[in-house]
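A single structure is presented below for examination.
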2 protein chains.
Amino acid sequence: MKLLKNKKRREVLESSLQQARKDPGSTKAKILMVARRIFGDYGFHGTTTRMIAREVGIDVSTLYYHWGEKGDLYEAVVLDINQDLRKKLIELEGKIRGFPLGKRMEIAIDVMVDYLFSHPEITSVILSRYFLKTRCKTDQNIQLPEYISNIAFSMELSKNRKKVPARSKMQVLAILNAIYTFVSGAEFFQASLGIERGEYVSLVKETLRFVLIPAFDKPTSDARGKREEK
Amino acid sequence: MKLLKNKKRREVLESSLQQARKDPGSTKAKILMVARRIFGDYGFHGTTTRMIAREVGIDVSTLYYHWGEKGDLYEAVVLDINQDLRKKLIELEGKIRGFPLGKRMEIAIDVMVDYLFSHPEITSVILSRYFLKTRCKTDQNIQLPEYISNIAFSMELSKNRKKVPARSKMQVLAILNAIYTFVSGAEFFQASLGIERGEYVSLVKETLRFVLIPAFDKPTSDARGKREEK
DNA sequence: CTCCTTCTCCATCATTTGTTGGAAATAATA
DNA sequence: TATTATTTCCAACAAATGATGGAGAAGGAG
């Protein structure tokens with residue numbers, strides 16, 4: 001019964017989301033957009049429905065009319081963000097096809113860092129979902145999005161697209177999280193390093209290339225071989 | 001005037017902290033311990049003073065008696081955590097002295113991952129401070145702890161211990177954040193990978209070694225040389 | 001114009017949350 | 001022991017917060 005209700009709720013939510021994505025000018029869509037940003041900035045508990053409503057320029061009850069409980073809106077935000085990310089990654093996969101792994105990573109870092117910096121709420125929401133508990137029963141499905149596996153496959157870390165070993169997923173996570181933290185922490189790091197935004201962004205790219213590429217760009221290197229068959 | 005007040009507040013806070021650290025059995029210290037955990041789990045806004053008090057087994061007003069406002073307690077937690085981390089890193093520096101860089105990193109990963117897994121609130125608090133805003137005027141000094149520079153120096157990423165270039169700090173941050181996310185995200189990642197805790201911990205270490213060491217373990221490699229003088 | 005659906009706002013409620021005053025208990029000091 | 005300082009709890013408050021019911025607007029269909 002409870003499961004049924006949950007399923008129903010999910011369906012309603014998905015159709016709401018679809019609706020919002022179809023008409024980006026609608027109030028529903030505007031709420032979603034603002035909610036993404038504010039949930040990203042302040043986290044679930046740091047965000048109040050009134051903050052979102054005020055920013056959109058509507059009454060809170062209108063917000064509730066469109067999205068139901070706060071937890072539902074948050075869930076919609078998470079779903080929405082994952083869809084965006086998925087789309088972007090598919091687009092990226094097309095761009096890097098054919099290049100050797102090192103070059104592919106270079107392009108991927110460049111494209112993804114630019115994209116995420118222009119939508120910083122994506123990384124913040126993902127990160128805070130990874131490791132902040134929520135007092136309410138939002139009870140989200142703790143599950144890694146499927147694109148993790150796709151990346152692993154497209155990086156040749158797995159033979160089988162459907163059955164990707166945990167080790168490979170972890171490697172992908174290491175890469176993604178490195179990017180995420182630099183994007184979400186931009187304000188903090190930038191301020192404490194005392195540098196401008198442009199400089200920070202290019203420094204992020206440089207650092208990511210420096211740290212991440214060597215591990216994957218040496219298919220014949222002893223380091224990789226050793227660890228792979230361990 | 002406001003600055004003076006802030007300074008005063010900081011002094012009071014530091015002495016409170018010292019007091020708590022001296023007598024770990026005191027109520028003050030117990031509050032701090034519990035506060036670390038709960039702030040780590042739920043973030044600043046997700047944590048209520050009542051949650052902390054209940055867990056300690058005292059009334060909220062006792063909590064306020066010892067630590068003042070919620071924001072002050074949070075600040076104490078951050079300070080406390082940074083002190084712990086600093087101590088641990090100094091200890092670590094002794095252990096790795098003399099080894100070549102690759103080996104040093106291997107040891108450092110092993111030691112730090114074990115330590116942080118046994119105090120997961122450390123990484124959570126640090127991360128959520130990096131990229132979550134807070135609605136109140138906690139107004140914390142946005143500043144990277146000094147041990148970032150120390151690590152950079154001890155990894156030979158900088159000639160001068162006092163003047164570490166931003167590039168080197170970023171590299172250290174990449175390393176630390178990779179570790180932090182795996183520790184703080186343990187519950188999430190473990191569950192979605194469907195593995196046991198022990199397995200997860202060793203997989204974290206393996207992944208970190210695989211991803212992080214190659215970049216630093218090749219002082220003569222073209223990759224490093226190229227990027228260094230860019 | 002009238003009916004009906006969709007949407008928006010105002011007013012309001014019950015809880016939760018941060019915070020405090022003051023009474024009691026406990027410990028320290030004389 | 002008497003007195004004073006420290007610590008703890010109870011009760012309470014104001015503000016903030018999640019959430020709702022119902023009265024109207026807006027707009028299209030007949």
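Labels below follow one simple rule: chain letters A, B, ... track the order of the sequence lines, proteins then strands, and each chain is numbered from 1.
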### Query
Within this structure, what is the CZ-to-C1' distance between Arg54(A) and dG18(D), rounded to whole angstrom?
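In whole Å, dG18(D) C1' and Arg54(A) CZ are 14 Å from each other.
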### Task
Taking only the side-chain nitrogens and oxygens of Thr27(A), find out if one of them lies under 4.0 Å from OP1 or OP2 of dT8(C).
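It does, given that an N or O in the side chain of Thr27(A) lies less than 4.0 Å from OP1 or OP2 of dT8(C).
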### Query
Can you find a side chain N or O atom of Tyr65(A) that sits less than 4.0 Å from OP1 or OP2 on dC7(C)?
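So the side chain of Tyr65(A) is within the cut-off, an N or O lying under 4.0 Å from OP1 or OP2 of dC7(C).
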### Message
Taking the minimum atom-to-atom distance to the side chain of Arg50(A), which one of dT6(C), dT6(D), dT17(D) wins?
### Response
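Within the option list, the nearest is dT17(D).
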### Message
Tell me if the aromatic rings of Phe131(B) and Phe188(A) count as close, with their centers under 6.0 Å from one another.
### Response
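No - the distance between ring centres of Phe131(B) and Phe188(A) does not fall below the 6.0 Å cut-off.
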### Message
I need the single residue from Arg36(A), Arg50(A), Arg37(A), Lys30(A) that forms a salt bridge (Lys or Arg N to Asp or Glu O under 4.0 Å) with Glu55(A). Which is it?
### Response
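With Glu55(A) as partner, salt bridge (Lys or Arg N to Asp or Glu O under 4.0 Å) holds for just one option, Arg37(A).
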### Query
NA contact type, Thr48(A), heavy-atom cut-off 4.0 Å: base, sugar-phosphate, or nothing?
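Counting heavy atoms under 4.0 Å across all strands, the contact made by Thr48(A) is with sugar-phosphate only.
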### Task
Give the rounded distance in Å between these two atoms: CH2 of Trp67(B) and C1' of dG18(C).
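After rounding, the reported distance stands at 18 Å.
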### Message
Check this one for me: any side-chain N or O of Arg135(A) less than 4.0 Å away from OP1 or OP2 of dG18(D)?
### Response
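For dG18(D), OP1/OP2 do not have a side-chain N/O of Arg135(A) under 4.0 Å.
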### Donor-acceptor side-chain pairing of Ser184(B) and Ser124(B) below 3.5 angstrom
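Result is yes, a qualifying pair exists.
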### Task
Send over the distance from Lys30(A) NZ to dC7(C) P, rounded to a whole Å.
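Value for this atom pair: 14 Å.
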### Message
Expressed as a whole number of angstroms, how long is the span from Ile52(B):CD1 to dG18(C):P?
### Response
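These atoms are roughly 9 Å apart.
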### Query
According to the interplanar angle, ranging from 0 to 90°, do the rings of Phe189(A) and Tyr200(A) count as parallel (below 30°), tilted (30 to 60°) or perpendicular (above 60°)?
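Rings of Phe189(A) and Tyr200(A): tilted, 30 to 60°.
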### Query
To the nearest Å, how far apart are His45(B) NE2 and dT17(C) C1'?
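The distance from NE2 of His45(B) to C1' of dT17(C) comes to 12 Å, rounded to the nearest Å.
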### Query
From dT16(C), dG18(C), dG18(D), pick the nucleotide closest to the side chain of Thr49(B)?
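Nearest listed nucleotide: dG18(C).
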### Query
What is the distance from CE of Met51(A) to P of dA19(D), rounded to the nearest Å?
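After rounding, the reported distance stands at 16 Å.
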### Message
If I take atom CD1 in residue Ile31(A) and atom P in nucleotide dC7(C), what distance separates them, rounded to the nearest angstrom?
### Response
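These atoms are roughly 11 Å apart.
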#### Entry: Sugar-phosphate only, base, or nothing, as touched by Thr47(A) at under 4.0 Å among non-hydrogen atoms
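Counting heavy atoms under 4.0 Å across all strands, the contact made by Thr47(A) is with sugar-phosphate only.
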### Message
As a test of reading the structure: which of dA19(D), dT8(C), dC9(D) is closest to the side chain of Ile58(B), going by heavy atoms?
### Response
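When the side chain of Ile58(B) is considered, dC9(D) is the closest of dA19(D), dT8(C), dC9(D).
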#### Entry: Side chain of Tyr64(A) (C-beta onward), nearest among dT6(D), dT8(C), dG18(D)
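Selected nucleotide (nearest to the side chain): dG18(D).
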### Message
With nearest nucleotide decided by heavy atoms, which residue, Gln19(A) or Val60(B), maps closer to the 5′ end of DNA chain C?
### Response
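Its nearest nucleotide lies further toward 5', so the answer is Gln19(A).
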#### Entry: Asp59(A) or His66(B), whichever maps to the more 5' nucleotide of DNA chain D
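Result: His66(B).
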### Task
Can you label the angle between the Tyr180(A) ring and the Tyr130(A) ring as parallel, tilted or perpendicular, going by 30° and 60°?
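Taking Tyr130(A) first and then Tyr180(A), their aromatic rings sit tilted (interplane angle of 30° to 60°).
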### Message
Can you measure Lys70(A) atom NZ to dA19(D) atom C1' for me and round it to whole angstrom units?
### Response
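Atom-to-atom, Lys70(A) to dA19(D), this comes out as 12 Å.
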### Query
Is any N or O donor-acceptor pair between the side chain of Ser61(B) and the base of dC10(D) shorter than 3.5 Å?
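Yes.
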